Amino acid sequence: MAPSDDLSDATAAGIAARIRGRSLSPVEVLDATIERIERLNPTINAVVFKDYDGARRNARRAEQQVMRGDPLGPLHGVPVVLKDCFDFKPGWITTFGGVRALKGYVASHYCMFAERIEKAGAVLVGKTNAPTFGFRGTTDNALFGPTRNPFNLAKNAGGSSGGSAAAVAAGMLTLAEGTDGGGSIRIPASWCGVYGYKASFGRVPVTARPNAVAHASPFIFEGPITRTVEDAALALTALAGYDARDPFALDEHVDFRPAVDRSIKGMRIAYTRDYGIFPVDPRVVAVVDRALHAFEEAGAHVVEARLDIPHTQQELSDVWCRMIVPANLQALELFKAEGIDIIKDHPKDLPSELHHWLEIGRSMTVDRLNRDQAMRTDIYDAFRKVFETHDLLVSPTLACLPVDNRDDGNTVGPSEIEGQAIDPLIGWCMTYLVNYVGHPAASIPAGLTEDNLPVGMQIVGRRYADADVLAASAAFERLRPWRDSYSLCRGEGWPGCEPPIPQPHP
C-alpha cells in the first residue's frame, strides 16, 4: 500500500474508499492521525484519553484483512474517537466528564456507538473531553479543564460533546462520537463549525444499563460529528438498526447514503428565528437569515412559521434540567454501590450548578413529574402542527456565539441575551426542544460572523424522516460549502493563540 499523504482535509468516506482500493494503508492513516492529535491537542485540549497501542494493533489487523481480501466494513480503517462521558469501551477509562474521583474508573462494556463503529471496521483511538455528567452546553471540568474552540482559542468549543467537535474541526480526525440529551451533538457542532447529526429516536439503539428506558425522558441519542454530510450518512448507516436490548429500537435497517444525492426541489421548509420564546443574538440571526436562501436556490419553498408554545424558555429549560437529573442521580448511586461516594467524599468534583439540580431531583414529586411531561407534550403538539404542512423546520441552532473559557474548570454559557435572563447551562440552546419530541435534527455550518466565529443552523425533520434532513443538509452543503473555513483551524496563527491551558485542579 502507498504511504498516506496529508490527510488533514480528508473525509471518512474518502479514507475508507482508498483503503478498500489499497491506495492507502490503515496503519499509515492511524500514524497520521496520531501525529495530528499530538501536535494539535496540547493547545485545543480535545482528546483526554489515548489508546494508541490498542489502536495500532487494530490498524495492523485492519491492514491484514485488506491484504487477505476479507469482507470490509463501510468504515474499515477509519480512526474514530469516543466521548468521555456515558460512553464506553471495555478496558478504557471513563471519567464521566472529568470527575476527579473517577480518573481511574475502567469500563467493562461497550456503548452502542463503540460496538457498532468497530463492527463497521473503524479504529477507536481515544476519548474526548466533556463537562461533568454532560450537564451543560459547554465543555469544561475540574480534571481536564476547558476545550478550546479551533476557530478562536479564547472561546469554548460548546458541549457536551465539545472535545469531539473540536477534534473534528481541527482536522485531528474525520469522525467522532457525540451523545445528545439536550443538544450535545448539535451545540458544539454549531460553535465549532462542523456537522452534527441526531437521528430519530429509536434509529440508533441505546443499550445503557441498568435502566433500559431512562433514555426516553428526555430522548437521548448517540450519533456522529463530522466535517461533511456524506460522512454523517455513512456513519448513521453503520450505527442504525434494531437491537433487542433497546425496547424503543426501530426494527429496520436503512442505507442513508443515497439521501445525500437527493433533490429537495418542492420541499416545504418552515423557518423560525426564535421559536417564539428565545432571545437570540442579532449576529446569529443575520448569518442564518442569509444562509436560508440556499434552500430556495435548491428549489425548496421557505416560509416563516410561528410555533404555538405556551411556556417561556426559562420554564422549559428548567423542565429539561429536572428531566435529565434522574440519570445523574442513578449514576451516583451506582458509583456509591461500587465504593465511590462522590457526594459524600468528593463533593468538589461536581460543579455547584449540578449540586443544585441534584438536590431538586431528590425532592421531586409525582405531581411535578406529571406537569413537566404535560409541558413536554405541549412542545410535541407545537412541532406536530408545523409538520402538518411542512417537511422541515429550520432555525438557528443556538441563541448566542461561543463564550470565553474560564480558568476555574466551570465555564458556562451566558446568563442573559438581549436583556432577557436565561439559564447559563442550557437556556441559550434551541436544541433541547427537539429532545422533548424525538425528531431527527442536524446542526449544519451556516456561515461565519465578521470576526470568524461559526454559526450553526438547525434542520429538524418529521419523526423518522432522517433522509429528508440529510438531503436538505447535503443540498445546502453543495450550494454553501464550508470546507474552506477549516483553514482557520490549521494550528498556526490561531486567533487567541497562547500556551496550552493549565489544568485547573490536577
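Please read all numbers here as calculations on a predicted model, not as lab measurements.
In this view, R257 and D255 satisfy the salt bridge (Lys or Arg N to Asp or Glu O under 4.0 Å) rule, not counting sequence neighbours. Qualifying side chain to side chain contact (heavy atoms under 4.5 Å, CB included) partners for E477, counting only residues two or more places apart in sequence or in other chains: T228, V229, W482. Not a single salt bridge (Lys or Arg N to Asp or Glu O under 4.0 Å) links D261 to another residue, sequence neighbours left out. Listed by chain and residue number, R203 satisfy the salt bridge (Lys or Arg N to Asp or Glu O under 4.0 Å) test with E252 (two or more places apart in sequence, or in another chain). Residues passing the salt bridge (Lys or Arg N to Asp or Glu O under 4.0 Å) test with K336: none are found, sequence neighbours excluded. With sequence neighbours left out, H109 forms a ring-ring contact (aromatic ring centres under 6.0 Å, His included) with F88. The side chain to side chain contact (heavy atoms under 4.5 Å, CB included) test applied to S415 returns P424, not counting sequence neighbours. In this structure F295 satisfies the ring-ring contact (aromatic ring centres under 6.0 Å, His included) test together with F476, sequence neighbours excluded. The side chain to side chain donor-acceptor pair (under 3.5 Å) test applied to T226 returns no partner, not counting sequence neighbours. Residues satisfying the ring-ring contact (aromatic ring centres under 6.0 Å, His included) test with Y464, not counting sequence neighbours, are none. By the ring-ring contact (aromatic ring centres under 6.0 Å, His included) test, F49 is found to be paired with W92, residues two or more places apart in sequence or in another chain being considered.
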Show, in sequence, the C-alpha distance, side-chain angles and deciding distance for K198 and V434, and conclude whether the side chain to side chain contact (heavy atoms under 4.5 Å, CB included) test is met.
CA-CA 10 Å; K198 181 197 76 62; V434 191; 3.9 Å; yes
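Y271 does not carry R306 over the face of its six-membered ring by the limits of under 6.0 Å from the centre and within 45° of the normal. A cation-pi arrangement is absent between R116 and Y110, since the terminal nitrogen or guanidinium carbon is not both under 6.0 Å from the aromatic centre and inside a 45° cone about the axis.
The ring of F96 has its center closer than 6.0 angstrom to the ring center of F86. Ring centroid separation for the pair F335 and Y105 comes in under the 6.0 Å cut-off.
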Would you mind writing out the side-chain donor-acceptor pairs for residues 362-369 within the sub-3.5 Å range, not counting sequence neighbours?
residue, atom, partner, partner atom, Å
R362, NH1, E359, OE1, 3.1
S363, OG, E359, O, 3.4
S363, OG, I360, O, 3.1
T365, OG1, R368, N, 3.0
D367, OD2, R371, NE, 3.0
D367, OD2, R371, NH2, 3.2
R368, NE, D372, OD1, 3.1
R368, NH2, D372, OD1, 2.8

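With hydrogens and angles disregarded, no donor-acceptor distance shorter than 3.5 Å links the side chain of D274 to the backbone of I277.
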